[in-house]
Amino acid sequence: MLGETLPLLSCAVPTFKVVIVQWEHLKISAPYYALFIDIGLVFAKGYYDHMRRTHAHAIVMFIDPTIHFTWMEMNWKQNEVTRVKGHILELIEKYHMVSNPEHFPAVPCPAIPTGYLASQYGLLTLYPQHPQTNTQTISQEFILYVMASCSPEGTDPLSFWAVSQLDYILGQQ
């Protein structure tokens with residue numbers, strides 16, 4: 001796993017949750033330490049709740065191609081996941097509007113030329129003539145990324161986004 005050699009912020013919330021769960025189990029299995037564990041749990045749960053409220057950790061979990069929203073969907077309430085998704089999508093749209101105002105709200109996708117010579121010379125083709133809509137909105141790309149399978153464990157997020165710049169608006173600068 002990449003996180004074993006390179007600390008990843010995207011693993012902070014899941015790791016912190018594991019610590020909390022382990023302390024709760026330890027409190028049951030070693031009740032004579034319960035008083036001390038309870039004090040630690042108060043601070044740990046307070047910090048965990050703070051991490052959830054700031055969305056910073058949710059953003060880095062989303063950007064990590066091995067996680068997306070999978071961990072949040074398994075461990076958080078649905079309304080909270082929906083709220084975080086909306087917040088992240090809003091941030092992406094704001095960032096994209098500021099960094100690429102001429103491409104907002106849609107970014108052109110590479111068109112596949114079909115019947116290029118025929119259209120150049122006004123000849124008939126076998127392809128139906130449909131209006132070309134070679135653009136995807138940021139929301140559509142967001143959904144495609146969220147619905148895509150997670151990358152294998154150990155995938156380097158920076159390498160993933162370097163390679164995926166053409167696939168996702170999210171990775172474009």
**Student:** Measure the shortest side-chain to side-chain distance between E93 and S139 over non-hydrogen atoms and say whether it is less than 4.5 angstrom.
**Tutor:** yes

**Student:** Do D49 and R53 have side chains that approach each other closer than 4.5 Å (heavy atoms only, starting at C-beta)?
**Tutor:** yes

**Student:** Using the test salt bridge (Lys or Arg N to Asp or Glu O under 4.0 Å), find all partners of K17 that sit at least two apart in sequence or belong to another chain.
**Tutor:** none

**Student:** Does K27 reach the side chain of Y33, with side-chain heavy atoms less than 4.5 Å apart?
**Tutor:** no

**Student:** Same cluster or not: Y47 versus V18, using hydrophobic residues (I, L, V, M, F, W, Y) connected whenever any side-chain heavy atoms lie under 4.5 Å apart?
**Tutor:** no

**Student:** In plain terms, say whether K85 and E80 are close enough for a salt bridge, that is, a side-chain N and a carboxylate O under 4.0 Å apart.
**Tutor:** no

**Student:** Does the side chain of S149 reach to within under 4.5 Å of the side chain of H68, using non-hydrogen atoms?
**Tutor:** no

**Student:** Mind checking the OG1-CD spacing from T82 to E73? Nearest 0.5 Å is all I need.
**Tutor:** 8.5 Å

**Student:** Is it true that a side-chain atom of W161 and a backbone atom of I63 form a donor plus acceptor pair closer than 3.5 Å?
**Tutor:** yes

**Student:** Over all heavy atoms of both residues, which pair between T155 and P152 is shortest? Give the atoms and the distance, please.
**Tutor:** OG1-O, 2.6 Å

**Student:** A side-chain contact here means heavy atoms from C-beta on lying under 4.5 Å apart; do D64 and V60 qualify?
**Tutor:** no

**Student:** Quick check on the hydrophobic clustering: are I28 and Y32 connected, directly or via other members, by side-chain heavy-atom contacts under 4.5 Å?
**Tutor:** no

**Student:** Hey, could you give me the CG/CD1 distance between L91 and I59, rounded to the nearest 0.5 Å?
**Tutor:** 5.0 Å

**Student:** Which heavy atom of I67 sits nearest a heavy atom of C150, and at what distance?
**Tutor:** O-SG, 3.7 Å

**Student:** What are the two closest heavy atoms between V81 and M72, and how far apart are they?
**Tutor:** CG2-O, 3.5 Å

**Student:** Quick one: closest heavy-atom pair of A58 and V84, and the distance?
**Tutor:** CB-CG1, 3.5 Å

**Student:** Report the residues that fulfil side-chain hydrogen bond (donor to acceptor under 3.5 Å, both in side chains) with W76, sequence neighbours left out, ordered by chain and then residue number.
**Tutor:** Y48

**Student:** With sequence neighbours left out, what residues match H87 under ring-ring contact (aromatic ring centres under 6.0 Å, His included)?
**Tutor:** H55

**Student:** Just so I know, are the side chains of W71 and M61 near enough to count as touching, which here means a heavy-atom distance under 4.5 Å?
**Tutor:** yes

**Student:** Taking C-beta and beyond as the side chain, do T66 and F160 meet within less than 4.5 Å on heavy atoms?
**Tutor:** no

**Student:** Under 4.5 Å between any side-chain heavy atoms of F62 and F142, yes or no?
**Tutor:** yes

**Student:** If you measure from CG on L26 to CD1 on I37, what distance do you get to the nearest 0.5 Å?
**Tutor:** 3.5 Å

